[in-house]
Amino acid sequence: MCKPLRAGISMILLGGILWGLPRPVSGGSGGGWVFSGTLTGRSVQLSAEVSGRVRWLAEEGATVKPGEAVAELEDPVLSQQLLEAEAALAAARAEAAALEAGVPPEQQAVLAAQVRQAAAEREAAERLWQALRRQLAEPQDLERQILEARTALAVAEQGVERARADLEKARADRDRLPFDQREIADRQVAAAEAALRAAEAERDAARARLEGLLAIRERPLSLQAQVHAAEAQMRAAEAALRAAQARLDRARNGPTRWERDQARAAVALAEAQRDLLRLQVERLRLTAPFTATVSERLAHEGETVRAGQPVLSLSTMDPLEVTIYVPVSLLGRLQVGQPVRIQVDAFPGEVFPGVIARIAPEATFTPRNVQTREERQTLVFAVTARVPNPEGRLKAGMPADVQILP
């Protein structure tokens, strides 16, 4: 049987828990048994998952909500990698969107013009190659070209002489006129000078062509080299034409299924890389698991902490818990969720409703410094009662009586 006298209860503080022997309650209190203990709040330590420099986001004593960040660890390298991954994702999405949108008509017109230019360059390269081949295959044709070039040079030199004579005549005619009547004559002199420069340019071109043909006749191997170079140039022009035509066809026909799949795969890969880095960055943030108070910082601002190192402590006052020790003889009367009544000395006569939250799966002994041998040999079970404390009237550390109703 439980002892009826409250004064006969032996209580000691062991590991932050007030132990007590039960006493029966009768009369207006509703009966049952009363056990004593101490109110405690939940407390946790948040540890760093990775290494980094601490930056505080919540002050000591501040109340934080579930999921609210209380501190973060700075990692400049990881943050830069995340920015780069987000930029790469934006570029991949833009490229995929442009691919789906297709090429606008004005851009297609530009591509068509590039095709025409590439075709003209290819035709010119082929004409040059064919001409050089004929020169290499027919030496007599080279002699004919040399003769024509000599004739053209002679005609060009005569043209230079005529232009020079015309210029001298124009200057002489101008010099015979008064200064105030030379405007028209000056223009004629300028025209004669331009004609002389044009004639000289034509002569120089004719001379260069003749010298080139003579060099080919004297060094036939150089002609072969020119033929090979012209052929290579023509092949390159053909490849450029095919590439330009392919770009135009792609613009007109739209992307292929393979191209669409490639663009979507690139976006998916960029998203996966971004999400992975986001997860790594999230590991740098320490968040509150429940509504709590920041009770203690365990590191300084800017300090570098290691992975697994505690950074701060959180505690909550709602709900509070009290652990009592129930004899094995009463254990069959208890179950998790069973209502209990809790009283504290700070509010005499007031009852706070609670419930049984946990029942220990194994028995323990009453503490050894309980006075009698019988008491030391009594088996008890730890039972935790939970009491809501939304207004914060109850405080951790308060002695509490827990009444278990029959």
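Nothing fancy with the numbering, it's 1 onward along the sequence.
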Student: Side chains of Val311 and Leu46: closer than 4.5 Å at any heavy-atom pair?
Tutor: no
Student: Please evaluate residues Arg203 and Leu153 with respect to the criterion side-chain contact (heavy atoms from CB on, under 4.5 Å), reporting the C-alpha separation (whole Å), side-chain torsions for both, the decisive distance (0.1 Å), and the verdict.
Tutor: CA-CA 6 Å; Arg203 178 203 59 194; Leu153 176 58; 4.0 Å; yes
Student: Looking at CG of Leu286 and CD of Glu72, how far apart are the two atoms once the value is rounded to the nearest 0.5 Å?
Tutor: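 Interatomic distance, Leu286 CG to Glu72 CD, rounded to 0.5 Å: 9.5 Å.
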Student: Atom CZ in Arg242, atom CZ in Arg122: separation rounded to 0.5 Å?
Tutor: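 Nearest 0.5 Å value for the CZ-CZ distance: 9.5 Å.
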Student: Atom CG in Leu334, atom CD1 in Ile404: separation rounded to 0.5 Å?
Tutor: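 Between Leu334 CG and Ile404 CD1, I get 4.5 Å after rounding to 0.5 Å.
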Student: Just checking Arg260: does its CZ atom have more than 12 heavy atoms from other residues, nucleotides or ligands closer to it than 6.0 angstrom?
Tutor: yes
Student: Looking only at heavy atoms, which two atoms of Ile356 and Val383 are closest? And how far apart?
Tutor: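 Nearest heavy atoms, Ile356 then Val383: CG2-CG1, 3.7 Å.
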Student: Run the side-chain contact (heavy atoms from CB on, under 4.5 Å) test on Thr384 and Val322 for me, step by step, so that the C-alpha distance in whole Å, both residues' side-chain angles and the decisive distance to 0.1 Å come before the verdict.
Tutor: CA-CA 6 Å; Thr384 300; Val322 56; over 6 Å; no
Student: Determine the minimum heavy-atom distance between Met234 and Ala125, stating which atoms define it.
Tutor: CA-CB, 3.7 Å
Student: Just by modelled atom types, is the Pro178 backbone N or O under 3.5 Å from a matching donor or acceptor in the Gln181 side chain?
Tutor: no
Student: State whether Asp166 and Lys169 are salt-bridged, where the test is any N-O pair (Lys NZ or Arg NE/NH1/NH2 against Asp/Glu carboxylate O) under 4.0 Å.
Tutor: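 A salt bridge is absent here (no side-chain N lies under 4.0 Å from a carboxylate O).
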Student: When rounded to the nearest 0.5 angstrom, what distance separates CZ in Arg176 from CZ in Arg174?
Tutor: 12.0 Å
Student: In the structure I gave you, are the side-chain heavy atoms of Leu405 and Arg341 within less than 4.5 Å of one another anywhere?
Tutor: yes
Student: Does NZ or CZ of Arg235 lie under 6.0 Å from the centre of the six-membered ring of Trp129, at an angle within 45° of the ring axis?
Tutor: yes
Student: Which pair of non-hydrogen atoms, one from Ala382 and one from Thr323, has the smallest distance, and what is that distance?
Tutor: CB-CG2, 4.2 Å
Student: Please determine whether the number of non-hydrogen atoms from other residues, nucleotides or ligands lying under 6.0 Å from atom CG of Leu279 exceeds 12.
Tutor: yes
Student: Given the rule in the side-chain contact (heavy atoms from CB on, under 4.5 Å) test, do Ile359 and Leu331 qualify, once you have shown the distances and angles that lead to the verdict?
Tutor: CA-CA 9 Å; Ile359 300 176; Leu331 193 64; 3.8 Å; yes
Student: Could I get the full list of ring-ring contact (aromatic ring centres under 6.0 Å, His included) partners for Phe352, not counting sequence neighbours?
Tutor: Phe347
Student: Mind checking whether Arg171 and Glu193 have side chains closer than 4.5 Å, heavy atoms only?
Tutor: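 Arg171 vs Glu193: side chains touch.
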Student: Enter the distance from Arg150:CZ to Leu147:CG here, rounded to the nearest 0.5 Å.
Tutor: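 With rounding to 0.5 Å, CZ (Arg150) is 8.0 Å from CG (Leu147).
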Student: Can you see whether Arg209 engages Gln145 through a side-chain donor-acceptor pair at a distance of less than 3.5 angstrom?
Tutor: yes
Student: Hey, what do you get for CZ (Arg358) to CD (Glu321), rounding to the nearest 0.5 Å?
Tutor: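 Answer rounded to 0.5 Å: 4.5 Å.
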Student: Counting only heavy atoms from other residues, nucleotides and ligands, does the tally under 6.0 Å from CD of Gln233 exceed 12?
Tutor: no
Student: Can you check side-chain contact (heavy atoms from CB on, under 4.5 Å) on Asp345 and Met398, steps first, answer last?
Tutor: CA-CA 8 Å; Asp345 295 339; Met398 285 183 173; over 6 Å; no
Student: Could you tell me whether the side chain of Val387 reaches within less than 4.5 Å of the side chain of Leu394, counting heavy atoms only?
Tutor: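 Yes, close enough: below the 4.5 Å cut-off.
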Student: Output all residues satisfying side chain to side chain donor-acceptor pair (under 3.5 Å) with Glu157, sequence neighbours left out; order by chain, then residue number.
Tutor: none
Student: Report yes if some heavy atom in the side chain of Val328 is under 4.5 Å from a heavy atom in the side chain of Val380; otherwise report no.
Tutor: no
Student: For residues Val340 and Ala385, report the shortest heavy-atom separation together with the two atoms involved.
Tutor: CG2-CB, 4.1 Å
Student: Taking Asp175's backbone N and O only, do any of them form a donor-acceptor pair with Arg182's side chain (distance below 3.5 Å, no angle check)?
Tutor: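 Pair found, side chain donor or acceptor close to backbone of Asp175.
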Student: Taking C-beta and beyond as the side chain, do Glu350 and Gln343 meet within less than 4.5 Å on heavy atoms?
Tutor: no
Student: Looking at Glu362, I want to see if its CD is surrounded by more than 12 non-hydrogen atoms of other residues, nucleotides or ligands under 6.0 Å.
Tutor: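 For Glu362, atom CD is not crowded (no more than 12 foreign heavy atoms under 6.0 Å).
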Student: Could you go through Arg164 and Glu168, starting from their C-alpha distance and side-chain angles, then the distance that decides it, and tell me whether this counts as salt bridge (charged side-chain N to carboxylate O under 4.0 Å, His left out)?
Tutor: CA-CA 6 Å; Arg164 187 176 288 117; Glu168 291 176 357; 5.7 Å; no
Student: Could you tell me whether Glu95 atom CD has more than 12 heavy atoms of other residues or ligands within 6.0 Å of it?
Tutor: no
Student: Test Asn389 against every option in Leu39, Thr316, Leu320 by the side-chain contact (heavy atoms from CB on, under 4.5 Å) rule and name the one that passes.
Tutor: Leu320
Student: Has Glu202 got more than 12 heavy atoms of other residues, nucleotides or ligands less than 6.0 Å from its CD?
Tutor: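 It does not: Glu202 CD has 12 such atoms or fewer within range.
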Student: Under 3.5 Å, sequence neighbours excluded: what are the donor-acceptor pairs made by side chains of residues 269-277?
Tutor:
from   : atom 1 : to    : atom 2 : distance (Å)
Glu271 : OE2    : Arg93 : NH2    : 2.9

Student: Could you report the tightest heavy-atom contact between Leu196 and Ala163, atom names first, then the distance?
Tutor: CA-CB, 3.7 Å
Student: Would you say the side chain of Val294 lies within less than 4.5 Å of the side chain of Leu314, judging by non-hydrogen atoms?
Tutor: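 Side-chain contact under 4.5 Å: yes.
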Student: Between Ile342 and Ala400, which heavy-atom pair has the shortest distance, and what is it?
Tutor: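 Heavy atoms only, the tightest pair is CG2-CB, 4.1 Å.
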Student: Below 4.5 Å, heavy atoms only, C-beta onward: do Ser36 and Tyr325 meet side chain to side chain?
Tutor: no
